[in-house]
Amino acid sequence: MFNVNNSILEHGFINEAISKEIDIIEAIKKLKKEKNAIILAHYYQTADIQDIADFVGDSLKLAQEAEKTTADIILFAGVNFMAETAKILNPTKKVLLPDTLATCSLAESAPYVDFKAFVDANPNHVVVSYVNSSTEVKAITDIICTSSNAVQIVNSISKDKQVIFGPDKNLGNYIQNQTGRELKIWQGACHVHKQFDLERIIELKNLYPDSKIVAHPECEKPVLIVSDFIGSTAAMLKFTQTDASKTFIVATESGILHQMQKAEPTKTFIAAPSTDRTCACNDCEYMKRITLTKIYLTLKYELPEIHIDESLRLKALQPIVKMLEISKLHGL
Ligand code: 13P
Ligand code: SF4
């Protein structure tokens with residue numbers, strides 16, 4: 001998907017020393033203006049990137065924003081499936097991703113060949129895929145969903161139809177639970193969300209008995225069972241703003257805490273701990289590959305750029321458009 005045949009790209013990004021004299025934030029703002037570019041950032045980006053972005057959102061809102069932008073360049077501060085979705089929806093724009101190695105363990109847990117075999121082995125099923133999937137997987141999907149609209153998407157499918165859901169098994173189980181429908185679920189998962197430690201979350205809850213646990217549906221079932229609220233990153237953010245509690249234990253990637261704290265400075269937000277005590281496991285290392293320096297160089301050189309074969313793009317477009325139509329009907 002990437003045009004990596006350019007000598008200035010090293011290790012998936014432009015590796016050039018930047019003079020300490022440069023005010024990187026001012027330089028990014030200047031380049032954005034000169035080139036009529038916008039920066040779309042996911043909630044899992046670092047705080048400095050969220051603060052310079054033109055729009056910060058969850059996967060659904062970012063896709064909607066990418067579809068309607070009139071900017072000439074979309075710089076995606078997120079991971080590759082998000083930038084590819086932007087290109088699929090708005091192909092005349094130049095879509096840039098500052099690091100080609102910003103991938104997604106969940107999307108990679110469904111390699112195209114294996115997922116296609118799964119689809120072929122289950123004929124006459126409607127295929128619903130999470131947006132965290134490759135463009136090739138999207139191209140053999142009937143309807144895409146995000147964590148914001150997954151339940152509504154599955155509910156939109158006639159009850160007499162059988163449904164395949166992939167690649168996230170935890171989101172799939174959550175949808176099953178919410179819709180009462182039996183789904184054929186691909187057994188993929190996100191390495192960040194599957195690592196939250198139930199025991200340590202409960203220890204925290206005991207320490208802060210008035211707190212609320214909020215979780216993303218990509219978390220494992222035991223974490224979801226003890227949670228007070230389950231939703232997409234945008235829905236979790238809204239919940240922490242409207243709920244009267246003063247303390248929240250947040251089971252998703254830690255980047256979202258920045259927006260939560262910004263919106264509610266007097267409330268306390270605690271990142272849910274992971275099973276591995278030796279790492280900052282609630283940080284997605286793919287999301288965190290994007291830095292201000294890489295954003296600056298990417299805007300300057302307009303590389304790395306997302307390229308998608310047109311026939312593949314058209315196949316992947318249909319299930320995304322269906323998702324956007326259904327979302328609109330539900331006011332999402
Ligand atoms: P949402 O943006 O839909 O909340 O999903 C989170 C995610 O996993 C992005 O990688
Ligand atoms: Fe993918 Fe998980 Fe990172 Fe989201 S947090 S981009 S699902 S690896």
Side-chain angles (χ1 to χ4, degrees), residues 40-46 49-50 53 55-66 76-86 97-111 128-134 137-138 144-153 166-172 174-175 186-196 214-220 223-224 227 229-240 250-260 271-272 274 279-290 320 323-324 327 332:
L40 302 183
H42 191 269
Y43 288 128
Y44 295 166
Q45 292 291 293
T46 52
I49 294 176
Q50 293 187 36
F55 186 84
V56 187
D58 68 354
S59 305
L60 177 63
K61 294 285 174 223
L62 290 169
Q64 289 165 332
E65 210 58 36
F76 222 105
V79 291
N80 64 351
F81 74 81
M82 297 177 175
E84 288 178 13
T85 301
L97 179 66
D99 189 325
T100 61
L101 304 181
T103 58
C104 167
S105 61
L106 174 53
E108 284 174 1
S109 68
V128 178
S129 296
Y130 195 27
V131 71
N132 300 40
S133 54
S134 68
V137 163
K138 288 184 176 77
I144 291 295
C145 72
T146 75
S147 57
S148 284
N149 56 25
V151 169
Q152 290 88 342
I153 298 285
D168 189 52
K169 68 177 164 95
N170 293 321
L171 180 60
Y174 172 74
I175 301 166
W186 180 265
Q187 297 298 302
C190 155
H191 73 297
V192 176
H193 288 88
K194 74 177 183 193
Q195 277 216 67
F196 288 111
V214 293
H216 196 279
E218 285 176 30
C219 294
E220 298 275 320
V223 171
L224 297 184
S227 294
F229 179 80
I230 301 164
S232 72
T233 43
M236 290 165 87
L237 176 60
K238 195 168 170 200
F239 178 79
T240 58
V250 183
T252 192
E253 213 274 357
S254 62
I256 186 69
L257 268 71
H258 176 57
Q259 292 299 326
M260 289 176 170
S274 304
C279 68
C281 301
N282 50 20
D283 272 340
C284 171
E285 63 267 41
Y286 302 110
M287 283 281 179
K288 263 55 183 197
R289 287 194 70 83
I290 311 298
I320 301 175
M323 167 185 83
L324 293 177
S327 301
L332 296 168

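Note that ligands are numbered from 1 as they come in the structure, with each ligand's atoms numbered from 1 the same way.
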Nitrogen or oxygen atoms of H193 and ligand 1 under 3.5 Å apart
no
Going by the atom numbers of ligand 2, which of them fall below 4.0 Å from some non-hydrogen atom of E218?
7 (S)
Under 4.0 Å from any heavy atom of Y130, which atoms of ligand 1 are there?
5 (O)
Judged by modelled atom types alone, do N170 and E220 share a side-chain donor-acceptor pair under 3.5 Å?
yes
Less than 4.5 Å apart, any side-chain heavy atom of L60 and any of L324?
yes
At distances under 2.8 Å, what protein N, O or S atoms surround atom 1 (Fe) of ligand 2?
C104 SG
Could you list which atoms of ligand 1 come closer than 4.0 Å to a heavy atom of N132?
7 (C), 8 (O), 9 (C), 10 (O)
Report the residues that fulfil side chain to side chain donor-acceptor pair (under 3.5 Å) with N149, sequence neighbours left out, ordered by chain and then residue number.
S327
For ligand 1, which atoms, with element, lie under 4.0 Å from some heavy atom of S232?
4 (O)
Show the atoms of ligand 1 that are less than 4.0 angstrom away from any heavy atom in Y44.
6 (C), 7 (C), 8 (O), 9 (C), 10 (O)
Check if Y43 has a non-hydrogen atom at a distance under 4.0 Å from any atom of ligand 1.
no
Heavy-atom side-chain proximity of P167 to L106 below 4.5 angstrom
yes
To which protein heavy atom is atom 2 (O) of ligand 1 closest, and what is the distance rounded to 0.1 Å?
H42 NE2, 2.7 Å
Name the residue from K288, H193, H42, H216 that meets the side-chain hydrogen bond (donor to acceptor under 3.5 Å, both in side chains) definition with E253.
K288
N or O contact, E218 vs ligand 1, cut-off under 3.5 Å
yes
In this structure, SG of C104 is separated from CE of M287 (nearest 0.5 Å) by 7.5 Å
Hey, is ligand 1 close enough to T233 that some N/O pair sits below 3.5 Å?
yes
Rounded to the nearest 0.5 Å, how far does CZ of F76 lie from OG1 of T85?
7.5 Å
With a 4.0 Å cut-off on heavy atoms, does Y286 reach ligand 1?
no
Could you tell me if S254 and D283 have a donor-acceptor pair between their side chains, going purely by distance under 3.5 Å?
yes
Nearest-contact summary for atom 1 (P) of ligand 1 - protein heavy atom, Å:
S147 OG, 3.4 Å
Show which atoms of ligand 1 fall inside a sub-4.0 Å distance from at least one heavy-atom site of M82.
9 (C), 10 (O)
Pairs of nitrogen or oxygen atoms closer than 3.5 Å, one from D58 and one from ligand 1: do any exist?
no
At a 4.0 Å threshold, what atoms of ligand 1 neighbour a non-hydrogen atom of H216?
1 (P), 4 (O), 5 (O), 6 (C)
Closer than 4.0 angstrom: is that true for some heavy atom of E253 and an atom of ligand 1?
no
Report yes or no: does Q45 contribute a side-chain atom to a donor-acceptor pair with the main-chain N or O of V56 at less than 3.5 Å?
no
Sequence neighbours excluded, the answer for ring pair (Phe, Tyr, Trp, His ring centres under 6.0 Å) partners of Y286 is H191
Counting only heavy atoms, which portion of T252 has something under 4.0 Å from ligand 1: side chain, backbone, both, or neither?
neither
Of all residues at least two apart in sequence or in a different chain, which pass the ring pair (Phe, Tyr, Trp, His ring centres under 6.0 Å) check with Y174?
none
